[in-house]
Amino acid sequence: MADLLALAPHRSTTVGLLACAARERGMDVTVLPRDRLPGRPTAGTRVHYYGGPRFAASAAGRLGIALLQPSDGWLDALPYAFTGRRIRCVPLSEARRAPGPLFAKPPTEKSFPAGVYADGEALRVPVGAEDDPLVQISDVVTWAKEFRLHLLDGEIRTGSQYATFGRLDPAPLTGHADEPEVRAFVRRLGAACADTLPSGVVLDVGLMRADDDRGATGRWAVVEANMAWFSNVYAADPARALDVVLRSAGPGAGVRERDAPFRRP
């Protein structure tokens with residue numbers, strides 16, 4: 001049985017790192033054609049995928065790939081103890097009536113820029129989007145540090161700091177001064193909500209700055225959850241990140257029962 005990593009036709013540092021990691025473990029790697037449907041896999045080939053959701057929509061079914069992703073309402077359904085802020089997932093028509101300032105983003109895909117908006121009326125959604133798509137809105141908070149964690153079966157397989165105070169600042173999780181606290185927070189989250197995420201997923205967590213005169217850092221909280229098959233690895237170990245990518249986007253026949261609810265339609 002041969003394993004193949006199929007890549008969407010776009011270049012990025014993460015694509016290169018994952019491709020190298022796949023070849024080092026003996027996998028075949030191919031870049032899918034941009035202008036036509038990919039050929040169906042040969043018998044005995046297990047195909048996995050890394051790339052964007054729009055391209056996956058046309059290629060995944062033909063390749064027999066099941067894409068796992070968190071549910072659109074996962075973050076706003078989490079207890080406040082893990083989010084540290086009010087979060088709602090609402091139709092765009094309702095979001096546009098919300099007072100500001102507010103933070104808004106698409107629930108999972110990147111259909112419009114995530115960011116702070118003066119109010120709901122400032123939200124703009126690209127032409128071609130569904131009539132009243134869901135939008136996630138939340139309180140505006142300041143993240144002192146943010147970490148991206150590749151989770152496999154609820155455990156941190158690898159991870160990376162990716163930002164400090166909103167600025168790109170990659171650094172490996174291993175050996176980081178905040179590693180013990182990050183791991184402890186993820187263990188608490190897993191103990192309470194282990195069955196609410198796919199077995200292969202990316203979780204972003206951060207240290208939220210407290211609102212006080214000293215500007216002191218405060219609580220650890222979840223930033224968001226993402227599809228592992230479309231997430232930057234930053235300074236994480238690419239080989240370990242690949243383990244999570246392969247679980248999150250692989251042969252449909254191999255999807256575990258516990259992951260069935262997280263299959264992308």
_Using a 6.0 Å cut-off, check whether atom CD of Glu155 has over 12 heavy atoms from anything other than its own residue._
no
_Could you check whether any side-chain N or O of Glu179 sits under 3.5 Å from a backbone N or O of Gly175, counting only pairs where one atom can act as donor and the other as acceptor?_
yes
*Determine yes or no for a side-chain-to-main-chain donor-acceptor pair under 3.5 angstrom, with Ser138 supplying the side chain and Ile87 the backbone.*
no
_Gap separating the OG1 atom of Thr164 from the CD atom of Glu146, nearest 0.5 angstrom_ = 9.0 Å
*Tell me, with the steps shown, if Tyr234 and Leu168 meet side-chain contact (heavy atoms from CB on, under 4.5 Å).*
CA-CA 10 Å; Tyr234 295 111; Leu168 186 65; 3.7 Å; yes
*Could Arg148 and Tyr162 be counted as a cation-pi pair, given that NZ or CZ must be under 6.0 Å from the ring centre and within 45° of the axis?*
yes
*asked:* Hydrophobic clusters here meaning ILVMFWY residues chained together by side-chain heavy-atom distances under 4.5 Å, can you tell me if Leu5 and Leu152 are in one?
replied: no
*Checking side chain to side chain contact (heavy atoms under 4.5 Å, CB included) against Leu173, which of Asp237, Thr158, Ile156, Asp178 comes through?*
Ile156
_Test item: Lys105 and Glu224 side chains (from C-beta on) under 4.5 Å apart, heavy atoms_ = yes
*If you measure from CG on Asp28 to OG1 on Thr45, what distance do you get to the nearest 0.5 Å?*
7.5 Å
_Heavy-atom count check: over 12 atoms from other residues, nucleotides or ligands less than 6.0 Å from Arg86 CZ?_
no
*Roughly how far, to the nearest 0.5 Å, is the CG atom of Leu63 from the CZ atom of Arg46?*
15.5 Å
*Should Arg256 and Asp153 be marked as a salt bridge (Lys or Arg N to Asp or Glu O under 4.0 Å) after you check the CA-CA gap, both sets of side-chain angles, and the distance that decides it?*
CA-CA 11 Å; Arg256 302 177 179 193; Asp153 295 322; 3.4 Å; yes
*With a 4.5 Å limit on heavy-atom distance, are the side chains of Gln69 and Phe262 in contact?*
no
*Can you label the angle between the His176 ring and the Phe147 ring as parallel, tilted or perpendicular, going by 30° and 60°?*
perpendicular
*Report yes if the side chains of Asp76 and Gln136 come closer than 4.5 Å at any heavy-atom pair, otherwise no.*
yes
Distance-only donor-acceptor pairs under 3.5 Å for side chains of residues 7-19, two or more places apart:
unit_1: Ser12; atom_1: OG; unit_2: Val15; atom_2: N; d: 3.1
unit_1: Thr14; atom_1: OG1; unit_2: Asn232; atom_2: OD1; d: 3.0
unit_1: Thr14; atom_1: OG1; unit_2: Val233; atom_2: N; d: 3.2

*Going hydrophobic residue to hydrophobic residue with side-chain gaps under 4.5 angstrom, can you get from Leu75 over to Leu149?*
yes
*Asp243 and Arg25: side-chain contact (heavy atoms from CB on, under 4.5 Å), yes or no, with the steps?*
CA-CA 11 Å; Asp243 293 336; Arg25 67 176 61 184; 2.9 Å; yes
*Go through the steps to decide whether Met227 and Ser248 satisfy the test side-chain contact (heavy atoms from CB on, under 4.5 Å), and finish with yes or no.*
CA-CA 7 Å; Met227 302 91 79; Ser248 72; over 6 Å; no
*Do the charged groups of Asp139 and Arg88 touch, with an N to O distance under 4.0 Å?*
no
*Give the minimum heavy-atom separation between Ala22 and Val29, together with the two atoms involved.*
CB-CG2, 3.8 Å
*asked:* If the test is side chain to side chain contact (heavy atoms under 4.5 Å, CB included), which one of Asp3, Thr30, Ile65 qualifies with Val47?
replied: Ile65
*Any Leu207 side-chain heavy atom under 4.5 Å of Trp143 side chain*: no
*If you look at every heavy atom in Ala177 and Pro180, which pair is closest and at what distance?*
O-CD, 3.7 Å
_Closest non-hydrogen atom pair, Val116 against Phe103_ = N-CD1, 4.1 Å
